[in-house]
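Here the structure is a predicted model, which is why all the values come from computation and not from measurement.
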Amino acid sequence: MGVAIKVSDYLKSLGVQYELVPHRHSQSALQSAVSAGVPARQTAKAVILEDHEGRRVMAVVPAANRVLLHKLGEHLGRELHLIPESRLKNAFDDCELGAVPAVGDPYQVQAVYDDQLSEENEIFLEAGDHENLIRINKEAFMALMANHIHGRFSVVRGIDYGQTRRAWDWQ
């Protein structure tokens with residue numbers, strides 16, 4: 001399949017240069033990173049959440065990270081929960097189920113990104129299928145996220161979250 005049509009059109013409209021990085025079939029952004037031989041910290045995954053009114057938000061975090069729902073919810077002023085992938089098929093109709101690109105604008109979904117991604121020189125995004133990643137440079141990633149909220153709202157899986165101390169600076 002390659003790049004989802006909406007994402008491809010969006011990247012072209014912004015003049016974003018990208019490269020496709022093929023990999024073996026995978027089931028998650030983390031598996032995609034491992035299969036492609038790229039660092040998980042540089043691979044952005046999209047976690048689709050919603051509030052009790054059905055308003056959706058795309059949390060964009062490193063592939064190995066877990067979204068801290070309470071921190072993100074506090075900042076956005078609403079309680080959030082995960083949406084089952086089965087309910088996303090229509091919203092991301094040009095993507096394979098479970099391979100949502102970490103770009104909200106082409107899908108009219110509010111995005112919020114974790115600042116950990118802005119510390120990397122290259123970012124890899126799901127392309128919309130389970131066999132390709134999109135490689136963009138830091139400047140392109142920042143252009144894609146220019147009008148979106150950001151902060152620190154995720155941690156690497158496996159950390160004792162009760163002991164984690166971080167500065168939660170939001171902009």
Which heavy-atom pair separates [X] from [Y] by the least distance, and what is that distance?
| X | Y | answer |
| --- | --- | --- |
| A44 | V60 | CB-CG1, 3.8 Å |
| L20 | G2 | CD1-CA, 4.5 Å |
| M58 | P101 | CE-O, 3.5 Å |
| D51 | L80 | N-CD2, 4.1 Å |
| S26 | H130 | O-ND1, 2.9 Å |
| D114 | P62 | CB-CD, 4.3 Å |

Side-chain contact, heavy-atom cut-off 4.5 Å: [X] with [Y]?
| X | Y | result |
| --- | --- | --- |
| K71 | H75 | no |
| I134 | V3 | yes |
| L133 | V38 | yes |

Side-chain ([X]) to main-chain ([Y]) donor-acceptor, under 3.5 angstrom:
| X | Y | result |
| --- | --- | --- |
| Q42 | E122 | yes |
| E126 | G98 | no |
| H150 | D115 | no |
| S8 | A4 | no |

In Å and rounded to the nearest 0.5 Å, what is the [atom1] to [atom2] distance from [X] to [Y]?
| X | Y | atom1 | atom2 | result |
| --- | --- | --- | --- | --- |
| N137 | M142 | CG | CE | 11.5 Å |
| K6 | C95 | NZ | SG | 8.0 Å |
| E85 | L82 | CD | CG | 10.0 Å |
| R56 | L88 | CZ | CG | 5.5 Å |
| S35 | Q27 | OG | CD | 11.5 Å |
| S154 | R66 | OG | CZ | 10.5 Å |

Transitive ILVMFWY side-chain link [X] to [Y], under 4.5 Å:
| X | Y | value |
| --- | --- | --- |
| V7 | I48 | yes |
| V61 | I149 | yes |
| I123 | V103 | yes |
| F92 | L125 | yes |
| L30 | L68 | no |

Checklist entry - Charged N to carboxylate O under 4.0 angstrom, R41 versus E120? => result yes
Between [X] and [Y], do the side chains contain an N or O donor and an N or O acceptor separated by less than 3.5 Å?
| X | Y | answer |
| --- | --- | --- |
| E50 | H52 | no |
| Y107 | D93 | no |
| D129 | N132 | yes |

Next on the checklist: Applying side-chain contact (heavy atoms from CB on, under 4.5 Å) to K45 and V47, what does each step give before you reach the verdict?
Outcome noted: CA-CA 6 Å; K45 74 175 174 183; V47 180; 4.0 Å; yes
Checklist entry - So with a 6.0 Å cut-off around CZ of R24, is the heavy-atom count from everything else above 12? => result no
Show me the donor-acceptor pairs within less than 3.5 Å that the side chains of residues 9-18 make with the rest of the protein, sequence neighbours left out.
residue: Y10; atom: OH; partner: D105; partner atom: OD2; Å: 2.7
residue: S13; atom: OG; partner: Y10; partner atom: O; Å: 2.7

Checklist entry - Can you name the one residue among L69, V112, I83 that meets side-chain contact (heavy atoms from CB on, under 4.5 Å) with L49? => result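 Exactly one option meets the side-chain contact (heavy atoms from CB on, under 4.5 Å) with L49, and it is L69.
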Checklist entry - With under 30° as parallel and over 60° as perpendicular, where do the rings of F141 and Y113 fit, or are they tilted in between? => result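 If you compare the ring of F141 with that of Y113, the planes turn out perpendicular.
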